[in-house]
There are 2 protein chains.
Amino acid sequence: MAFLRIGEVAKRFEVKADTLRFYEKNGLVKASARSESGYRLYNDADLSRLSFILRAKAVGFSLTEIQELLSIELDKANWACADVKGMVDNKLVEIEAKLAELNRFRQSLQSLSRACCGGPDSAEHCSILEALESQHVVS
Amino acid sequence: MAFLRIGEVAKRFEVKADTLRFYEKNGLVKASARSESGYRLYNDADLSRLSFILRAKAVGFSLTEIQELLSIELDKANWACADVKGMVDNKLVEIEAKLAELNRFRQSLQSLSRACCGGPDSAEHCSILEALESQHVVS
DNA sequence: ATAAACCTTGGAGTTAAATCCAAGGTCAAG
DNA sequence: CTTGACCTTGGATTTAACTCCAAGGTTTAT
């Protein structure tokens with residue numbers, strides 16, 4: 001169980017040290033120890049918590065939502081399984097929706113990419129909007 | 001080709017009229033006509049453009065990125081097919097990555113949901129972090 | 001013909017999520 | 001024993017993306 005200081009952690013996860021302090025201030029990750037001189041020391045558990053946060057952020061969750069998910073972790077004993085399951089299942093629904101939209105978007109861009117000759121000709125006929133309109137679903 | 005005023009558009013797309021004016025100010029969608037008295041009038045093309053913007057936003061693109069994609073549309077004649085294809089293919093790579101991450105996240109939450117009894121018992125053993133750790137990929 | 005519900009503009013305010021700054025303490029290397 | 005790279009805190013600033021406000025013009029329903 002090696003301890004890392006904030007700069008090292010920042011480098012590994014490609015975030016600013018300031019961001020880590022910001023996360024700590026907002027109750028997202030807290031270095032579980034301090035050196036004699038007050039330096040933050042992160043252990044493996046801290047790092048997986050951070051990893052979770054960054055991954056959740058990458059898929060579009062806000063810090064508030066992430067905190068909510070992590071709060072389950074904080075005092076598991078005071079949550080009923082049903083609560084946890086409900087919460088997680090809600091997030092799953094959101095994720096499914098995002099996944100569907102993302103797939104749709106990908107399809108559109110793929111069909112555009114295929115339609116586009118890719119050569120030096122004018123892109124007169126490469127229309128993103130046209131490509132997307134084929135999948136259009138507005139009232 | 002019916003024209004809609006800003007309030008109607010706002011209602012249909014579930015955004016604020018202010019947001020539409022904001023998008024116009026930032027070069028994202030502009031009502032293609034105005035009434036005698038100066039009211040914005042949106043036509044179908046405007047609406048599909050707006051639809052594109054909102055969908056792109058929903059899958060996590062910033063307004064700047066969206067503007068970039070739409071700028072292709074603006075003066076297609078001055079772009080080579082290769083430029084467009086390159087740009088679109090870049091976005092596709094980003095989308096694939098996001099999709100992969102989202103899938104990974106979903107898997108984790110699913111396995112957590114399955115592991116969680118869902119009953120009234122204490123959630124002592126429902127660990128989001130544990131669930132995610134099984135898929136952990138940090139240096 | 002007037003109230004209620006729209007719309008206009010310019011500009012100010014808000015929120016989330018950082019990011020930066022200043023003033024100072026710590027630590028390893030030469 | 002000092003130089004340079006770290007770290008600390010509190011607080012200010014920035015950026016994106018809205019969101020609101022004030023003062024006033026327009027439309028529509030009664």
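Below, chain A is the first sequence line, B the second, and so on; all start at residue 1.
Atom CD of B/E14 and atom P of D/dT19 are 13 Å apart (whole Å). C/dA17 atom C1' lies 17 Å from atom CD of A/E24, rounded to whole Å. Atom CD1 of A/I53 is separated from atom C1' of C/dA16 by 16 Å (rounded to the nearest Å). The distance between atom CD of A/E68 and atom P of C/dA16, rounded to the nearest whole Å, is 13 Å. Summarising the geometry, the separation between CG on A/N26 and C1' on C/dA16 is reported as 10 Å, rounded to the nearest angstrom. The nearest whole Å value for the distance from the CD1 atom in A/I6 to the P atom in C/dC27 is 16 Å. If you take CG of B/L20 and P of C/dC7, they are 10 Å apart, rounded to a whole angstrom. Separating the CD atom of A/E8 from the C1' atom of D/dC6 is a distance of 12 Å, rounded to the nearest angstrom.
Between the side chain of A/E65 and the backbone N or O of A/S62 there is at least one donor-acceptor pair closer than 3.5 Å.
Closest contact between the side chain of B/Y23 and the listed nucleotides D/dC18, D/dT8, C/dA17 involves D/dC18. When distances are taken from the side chain of A/T19 to each of D/dC18, C/dA17, C/dT19, the shortest belongs to C/dT19. Side-chain proximity of A/F22 to the nucleotides C/dA17, C/dC20, D/dC18 is greatest for C/dA17.
Atoms CZ and CD, from B/R5 and B/E8 in turn, are 9.0 Å apart once rounded to the nearest 0.5 Å.
Using a 4.0 Å cut-off between charged nitrogen and carboxylate oxygen, B/K98 and B/E94 do not count as a salt-bridge pair. Residues A/R49 and A/D46 are not paired through a salt bridge, judged by the lack of any N-O separation under 4.0 Å between the basic side chain and the carboxylate.
Remark on DNA chain D: of its neighbouring residues B/T64 and B/K16, the 5'-side contact belongs to B/T64, judged by nearest-heavy-atom nucleotide.
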B/S/- along nucleotides 21-30 of chain D (protein heavy atoms under 4.0 Å) is ----BBS---
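For residues 27-40 of chain B, the salt bridge (Lys or Arg N to Asp or Glu O under 4.0 Å) pairs, not counting sequence neighbours, are B/E24-B/R34, B/E24-B/R40.
The residue A/K25 sits apart from the nucleic acid: no heavy atom pair falls under 4.0 Å.
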